[in-house]
2 protein chains.
Amino acid sequence: MSNERPDAGRARRVTIFDVAAASGVSRGTISRYLNGSGYVSEGARLAIKDAVEEVGYVPNTAARSLATRQTKNIAFVVHESHNMFYNDPNLGGMLTAANRVLSEADFQLVILILDTEQTLSRIAGHLRGGYVDGAILVSVRAEDPLLRIVQELGLPAAMAGRPAGASSIPWVDVDNVEAARGICARLVGTGRKRIAMIEGPEAMRAARERLAGFTSALGADFDANLVIPTPDWGHEAGFAAMRELLRRDPDIDGVFAACDALAIGAMDALREAGKSVPCDVGVVGFDDSLWAKRAFPGLSTVRQPVEEMGAIMASLVLRQLKGEDLRHAHEIVPTSIVWRDSA
Amino acid sequence: MSNERPDAGRARRVTIFDVAAASGVSRGTISRYLNGSGYVSEGARLAIKDAVEEVGYVPNTAARSLATRQTKNIAFVVHESHNMFYNDPNLGGMLTAANRVLSEADFQLVILILDTEQTLSRIAGHLRGGYVDGAILVSVRAEDPLLRIVQELGLPAAMAGRPAGASSIPWVDVDNVEAARGICARLVGTGRKRIAMIEGPEAMRAARERLAGFTSALGADFDANLVIPTPDWGHEAGFAAMRELLRRDPDIDGVFAACDALAIGAMDALREAGKSVPCDVGVVGFDDSLWAKRAFPGLSTVRQPVEEMGAIMASLVLRQLKGEDLRHAHEIVPTSIVWRDSA
């Protein structure tokens with residue numbers, strides 16, 4: 001790899017030397033002025049200000065971050081494939097709200113997508129390299145090396161979902177167990193007898209917690225044979241899982257899918273099998289995404305307050321940057337159930 | 001703003017001084033070793049290598065980028081509100097493909113969303129500050145200050161969509177005029193007489209080009225009163241525009257919406273007005289998004305090769321980093337029409 005950038009079409013960068021030459025003020029004084037640290041006389045201030053304009057100087061932030069150790073960038077690290085990143089209904093709301101809070105504090109949100117081993121090492125380099133002052137972590141895995149890296153760096157951080165192992169990173173989460181129990185209790189309460197679950201990826205804590213809520217709601221009617229994990233949270237995985245469930249038991253009359261995309265995939269498979277929703281089979285999901293609203297029939301689902309979660313994570317990071325010790329801090333935000341026509 | 005990071009819970013950063021102390025090698029030599037520049041004896045190499053492992057030294061990339069002027073980060077700047085960013089069906093494919101190409105070359109994609117004036121100045125600072133080696137620009141506006149900033153910096157860059165004014169930034173685009181003309185010709189060819197267009201935001205070149213294609217396909221049947229621009233590309237804007245179009249002319253029998261979300265909004269408004277699609281009104285869109293596939297009836301639309309566009313933009317940036325002069329380079333990629341049941 002070359003250590004030099006090509007010069008084609010690029011102007012020479014104006015440096016602090018040019019400002020010194022134009023102002024007649026020493027570089028040390030200019031540096032104090034630019035960093036807002038230490039005494040600079042009024043005369044020098046004016047001379048520097050004029051010279052900065054005259055030569056068109058723009059501070060080099062990489063150099064600056066060495067001195068001030070602040071970049072004003074906060075990473076938003078999403079541990080998902082790009083494809084799932086784009087289809088996750090919760091990320092948009094979290095992103096929007098986190099960005100709003102950070103933006104008000106004049107911080108720039110920098111989105112990094114962690115989708116391969118190779119990316120992990122690059123993102124670790126990014127976090128270590130002084131490019132960001134803090135990090136918001138979403139879709140974190142149960143044993144996620146990202147958590148260890150962030151903790152070792154002591155980087156101010158916050159995450160969505162509670163950590164599985166030993167981690168001191170503050171987090172915000174919903175009560176997945178209770179939310180799942182609530183929506184599944186309704187399936188039970190409306191007389192469904194053979195209720196299946198499409199679980200989502202087993203490595204995700206949220207999937208396991210929603211399964212716990214499902215198990216709790218069904219009690220003695222729980223049948224482990226009617227629970228199928230999926231490789232991801234996508235529509236196609238839901239379709240395949242529903243086909244397999246119908247093969248195992250054609251009399252299934254209720255389905256809880258751990259996210260809306262899985263639920264819509266299941267509804268497509270039920271339709272293919274000639275089953276009517278909700279007459280033959282009641283279907284409920286989780287997320288209240290666009291999928292749920294635009295499904296036919298509309299999908300009953302759990303709404304997570306994703307904007308609130310995004311805003312809380314941003315605040316947790318900003319508060320650490322101001323010096324607060326928030327290790328092990330956490331917040332549980334309430335969910336609600338949105339009843340439509342699918343169950 | 002504080003110039004200091006809080007120390008709570010953070011380990012002291014291991015520096016090159018620690019490596020010097022542990023190895024007995026001078027900092028100048030260690031620096032040459034780390035940057036791969038200049039002579040370092042075999043003995044010194046081994047001593048440094050051992051010391052780096054022993055003290056757990058990780059090079060500070062901000063310091064490094066001052067010396068090498070390469071960060072291995074490429075910005076992916078999206079000029080959209082976060083909300084639209086998340087709903088744009090083309091961005092996911094472009095992101096995925098650009099990331100794949102950059103990742104293979106060991107570059108990290110860094111997504112920056114440009115949604116306010118304040119963000120513009122922050123993103124300008126990010127691009128100027130030495131955090132990235134290049135930039136991919138999408139959803140660029142007709143008179144976008146971002147273009148000027150990137151050009152002034154001489155930053156290796158590429159953009160989706162051709163620039164409106166004087167710009168030397170290489171770009172990749174579809175032939176919007178021809179694609180729109182093609183799909184609208186079908187509305188005309190199937191006997192539709194009163195064909196309206198939901199144009200999209202007038203400030204976007206793509207919207208104006210698709211209008212040109214629409215105008216060309218309709219010829220003498222074109223009625224400027226049946227063209228409505230929208231504030232954004234969203235579903236609700238399409239719904240409102242269709243309502244207004246029906247108010248202007250209840251006999252509209254064909255609609256071209258400049259994107260799928262607008263088209264689905266229009267279909268909802270038509271349904272509300274008691275009109276059947278495609279029997280009463282034929283509707284066509286643009287993008288071939290998830291919306292188009294899951295609409296009922298399925299939406300006929302134009303498919304853009306977004307993965308190809310993302311990969312081309314990434315390659316254009318990488319080639320500039322290798323020294324190629326690609327000013328004014330561009331590529332037009334072919335679209336196709338996906339016929340479903342809406343027209």
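Letters go in sequence order (proteins before strands), and every chain restarts at 1.
Two residues are said to be in side-chain contact when any heavy atoms from C-beta on lie closer than 4.5 Å; L109(B) and I113(A) fail this criterion. In this structure the side chain of R294(A) reaches within 4.5 angstrom of the side chain of I264(B), judged on heavy atoms. Within the 4.5 Å cutoff, side-chain heavy atoms of Y131(B) are placed close to those of T71(A).
Annotation: the span from N99(B) atom CG to T119(A) atom OG1 amounts to 6.0 Å, rounded to 0.5 Å. In this structure, the separation between CD on Q108(A) and CZ on R122(B) is 5.0 Å, given to the nearest 0.5 Å. We find the CG-CD1 distance between L112(A) and I111(B) to be 7.5 Å, quoted to the nearest 0.5 Å.
Residues that satisfy the side chain to side chain contact (heavy atoms under 4.5 Å, CB included) test with S121(A), not counting sequence neighbours, are absent from this structure. Applying the side chain to side chain contact (heavy atoms under 4.5 Å, CB included) criterion to R319(B), with sequence neighbours excluded, gives L316(B), E324(B), L326(B).
By the 6.0 Å contact criterion, CD on E236(A) is open, its count of non-hydrogen atoms from other residues, nucleotides or ligands being 12 or less.
When heavy atoms are compared at a cutoff of 4.5 Å, F107(B) approaches chain A solely by way of its backbone atoms N, CA, C and O. For a residue to count as touching a neighbouring chain, one of its non-hydrogen atoms must lie under 4.5 Å from one of that chain's; by this rule N73(B) touches chain A with the side chain only.
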